[in-house]
A.B. asks: 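Let me give you the structure first, and then I'll get to my questions.
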Amino acid sequence: MSSYLNTTIFNYYCAGVYEGKIHFTEKNIMHAKVDRRQRTQMQEEKKAANLKAIFPFQKVYENIKHYLKEQWIEDEVVLENGDLYKKHLTYQSAIGGQQLTSQVWAFRNDTALDIVTVEGEIIAFVCPNRNGMEIIVKDGFEKLTPLVVYDDPLLSKPDYGINDCGTYLIPMRDGIKLATDVYLPEGIEKGQKVPTILIRSCYDRNGKKEFLMRWVNKGYAVVNQDVRGRADSEGELVPFYHERDDGSDTIDWIINQDWSDRNVGMWGASYLGYVAVSAATSGHPNLKAVVDEVNVGSPFIDTVRRGGTVCSWPLLSWTLAQSVGTRTDFEIFAGQTVSVEEAVDARPIKEIPQKIIGKNSGPWDIWSEHPEYDEFWENCTFSKRGDQVKVPMFVISGWYDGDSPGVSETWRMLTEHNVANRKIWLGPWEHNPNRARDYQGASFSNDAVVYDYDVMVLRWFDRFLKGIENGIDHEPRATYYVVGDNEWRTSNNWTPEEATVTKFYLASNGQANSSNGDGVLRTSPPDASPEDSFIYNPNHPFEFSGEREPEILNKFEIRNDILVYTSEVLKEDVAIAGELSAEIYASSTGLDTDWVVTLGEVDETGNSIRLSDYIVRAKYRNGYDAPELLTPGKIEKYTIFLQNIAHTFKKGRRIRFSITSSNKFVAFPNTNTGKNPYEDSETMIVKQSIFHNEQYQSYINLPVLHGLL
């Protein structure tokens with residue numbers, strides 16, 4: 001039987017751009033698309049399976065019967081299929097001469113797909129995401145939905161069609177040609193020049209072009225390029241190495257085109273974010289704005305050699321996926337067609353690609369030829385050239401982003417060189433930001449998913465590429481979400497200026513082994529506190545998750561080869577926000593070793609929840625460019641970065657800090673021999689000791705916003 005949802009014709013918008021009409025008939029999903037170039041409405045037809053959209057049309061279609069059974073009047077609605085919705089925002093507007101109020105319902109426990117109702121009837125479905133909010137709405141009811149975020153009079157409007165100018169093969173300084181697509185706004189006046197947004201991808205430039213072209217609708221040229229060695233570009237993929245120069249050369253090409261007004265911006269996320277930040281370090285004068293989301297950091301900070309180790313699965317998944325051809329194999333990337341365990345356990349490390357995908361990997365072979373930090377790695381370290389960065393940069397990431405070390409590296413670089421227009425936005429988000437309000441057992445407020453994500457990005461480009469005085473450069477430098485308090489805050493800097501860096505000292509009676517030990521965390525240094533020791537066996541490593549997530553660590557913390565230091569039960573809330581670090585005094589009987597440090601929270605039921613961590617290789621304690629093997633038994637000082645955070649430890653909970661020497665799914669276990677890690681197959685069992693007394697004070701620095709132990 002037909003319902004109002006089957007008879008309603010919905011207007012479909014992507015990032016504020018009208019993309020046609022959607023009709024959920026009783027038998028099919030129908031789509032009347034818009035001609036991309038002329039913006040003319042076309043006839044309705046059955047929705048093509050290849051329609052590039054994030055919006056889950058099929059899910060809505062299948063759930064119509066569940067939506068119709070609800071009255072949408074309580075504070076919380078649970079559909080017959082278990083989907084949970086909670087009341088969120090309201091909007092008011094005059095529709096057809098009648099003043100109406102709508103209710104937005106926030107979808108919980110899964111990827112956000114919100115609903116908007118008026119007087120109990122659904123008038124819109126909202127799919128917020130990083131690429132631009134997608135929404136379908138009953139015709140004429142747009143002002144009662146989150147679409148109003150695009151009404152800002154200072155925001156570029158979707159007044160243009162898209163002119164696909166085709167593919168160019170652009171030569172770089174060494175003659176290698178890169179496949180590059182150019183899209184221009186259709187409808188600009190003859191001879192009019194426009195600013196450009198450049199995207200350079202290792203994942204095939206065609207993959208997300210529909211999302212990128214929405215900037216064209218708003219008056220920007222979009223240049224979309226395959227990096228060298230990928231998809232249709234010439235050359236060999238040497239990750240990180242060529243991106244600075246190739247980015248600069250591409251900008252040179254852009255500013256010499258007759259449609260270019262010589263103002264170029266770059267956008268990138270993940271590896272594409274590294275590409276954008278790296279191009280910024282070229283100092284190119286025509287690069288006027290950068291937005292980098294969840295950007296990968298330099299190899300020794302974040303990826304290939306995180307903390308000096310040799311990264312395992314996160315790196316392997318990406319590298320093997322790039323090595324089977326010139327286009328990424330996303331099934332390998334996701335660990336679906338290869339065994340993660342087998343890949344991580346294969347030895348020697350140098351031969352893993354042969355063992356797992358049956359062929360050599362160009363990047364893996366190159367990295368294996370450079371076991372120490374040398375000129376090759378220095379050329380890949382973008383922060384070495386921070387003095388060249390002048391471009392306004394907007395950095396976006398979150399507390400569950402596995403590449404947050406790269407984000408921190410970027411921000412430290414911008415801060416060290418006092419780049420004038422720098423901005424950072426940190427949410428309760430994963431590597432795919434702005435996706436959901438609940439994650440791995442952690443629940444956030446309804447506004448943890450925002451409707452203006454792409455609007456903020458567009459405002460950045462509007463301000464620095466078009467010169468629109470929209471005020472974004474006068475807003476607080478840092479916007480961040482405090483987990484625990486579950487609220488957004490702002491500051492004039494990151495780490496927040498209002499935070500007080502406070503030392504939390506390690507102490508024990510010499511038996512801090514496991515969560516059953518006597519390790520404590522305190523705000524005053526111990527006078528006499530014997531060292532803690534454990535035995536590290538590389539053949540019995542820890543298997544924490546390789547992701548940055550609120551993992552419950554109880555099953556790991558009962559082992560004796562981890563040292564655990566826990567505060568007293570908090571008598572008041574303690575809020576922290578900013579960049580973290582630890583200073584540790586330690587010795588090992590090995591010639592080299594690794595240190596894994598973790599900050600966590602223990603809740604009232606005893607769950608130990610990971611919040612932040614990092615891993616470092618001992619031989620690089622004096623700098624990556626100054627490797628030095630250990631003298632067995634000698635006490636050494638380690639200053640260790642931890643991933644950024646904003647978190648409130650609630651009254652009744654405890655703060656926990658732990659130290660061990662392995663994390664198998666982040667880095668291949670250190671053999672402790674000091675030999676070339678790519679070739680070494682021997683292992684050495686060693687004794688590890690952590691010191692915390694009047695002479696050797698070990699502690700973690702926490703930027704405290706409020707509250708004391």
A.B. asks: When the aromatic ring centroids of Y453 and W425 are compared, is their separation below 6.0 Å?
C.D. replies: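 Yes - the distance between ring centres of Y453 and W425 falls below the 6.0 Å cut-off.
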
A.B. asks: Test the R422-W411 pair against the cation-pi criterion, namely NZ or CZ under 6.0 angstrom from the six-membered ring centroid and within 45° of the ring axis.
C.D. replies: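 Output yes; distance and angle both within limits.
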
A.B. asks: Excluding sequence neighbours, so at least two apart, what forms ring pair (Phe, Tyr, Trp, His ring centres under 6.0 Å) with Y439?
C.D. replies: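 Y400.
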
A.B. asks: Can you find a pair of side-chain heavy atoms, one from D561 and one from F542, that are under 4.5 Å apart?
C.D. replies: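 Sidechains of F542 and D561: in contact.
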
A.B. asks: In plain terms, say whether R437 and D114 are close enough for a salt bridge, that is, a side-chain N and a carboxylate O under 4.0 Å apart.
C.D. replies: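 D114 and R437: salt-bridged.
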
A.B. asks: Given 3.5 Å as the limit, does a donor-acceptor pair link the side chain of D401 with the main chain of W399, or not?
C.D. replies: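 No; zero donor-acceptor contacts below 3.5 Å.
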
A.B. asks: Salt-bridge test for E134 and R214: reply yes if a basic N is under 4.0 Å from a carboxylate O, no otherwise.
C.D. replies: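 Yes.
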
A.B. asks: Assess whether a salt bridge exists between E498 and R489, defined as any Lys/Arg side-chain N lying under 4.0 Å from an Asp/Glu carboxylate O.
C.D. replies: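 Salt bridge between E498 and R489, a charged N being under 4.0 Å from a carboxylate O: no.
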
A.B. asks: Quickly, which of C380, P239, C311 forms a side-chain contact (heavy atoms from CB on, under 4.5 Å) with P299? Name it, please.
C.D. replies: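 Per the side-chain contact (heavy atoms from CB on, under 4.5 Å) rule, the option paired with P299 is C380, out of C380, P239, C311.
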
A.B. asks: Please verify the inter-ring angle class for Y481 with W488; under 30° counts as parallel, over 60° as perpendicular, anything in between as tilted.
C.D. replies: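 Perpendicular: the ring planes of Y481 and W488 meet at over 60°.
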
A.B. asks: Do E604 and R653 sit within salt-bridge range, that is, some charged N less than 4.0 Å from a carboxylate O?
C.D. replies: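 Salt bridge between E604 and R653, a charged N being under 4.0 Å from a carboxylate O: yes.
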
A.B. asks: Flag the pair L506 / I659 as yes when at least one side-chain heavy-atom distance between them is below 4.5 Å, and no otherwise.
C.D. replies: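 When only atoms from C-beta onward are counted, I659 and L506 do touch, with a gap below 4.5 Å.
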
A.B. asks: Does some side-chain heavy atom of S156 sit less than 4.5 Å from a side-chain heavy atom of I468?
C.D. replies: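 I468 vs S156: side chains touch.
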
A.B. asks: Does any donor atom in the side chain of S581 or N701 lie under 3.5 Å from an acceptor atom in the other side chain?
C.D. replies: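 Side chains of S581 and N701: pair found under 3.5 Å.
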
A.B. asks: Does the distance from a Lys or Arg side-chain N to an Asp or Glu carboxylate O, for E76 and R108, drop under 4.0 Å?
C.D. replies: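 Looking at E76 and R108, the cut-off is not met.
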
A.B. asks: Could you tell me whether K87 atom NZ has more than 12 heavy atoms of other residues or ligands within 6.0 Å of it?
C.D. replies: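 Counting neighbours around NZ of K87, more than 12 heavy atoms of other residues, nucleotides or ligands fall under 6.0 Å, so yes.
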
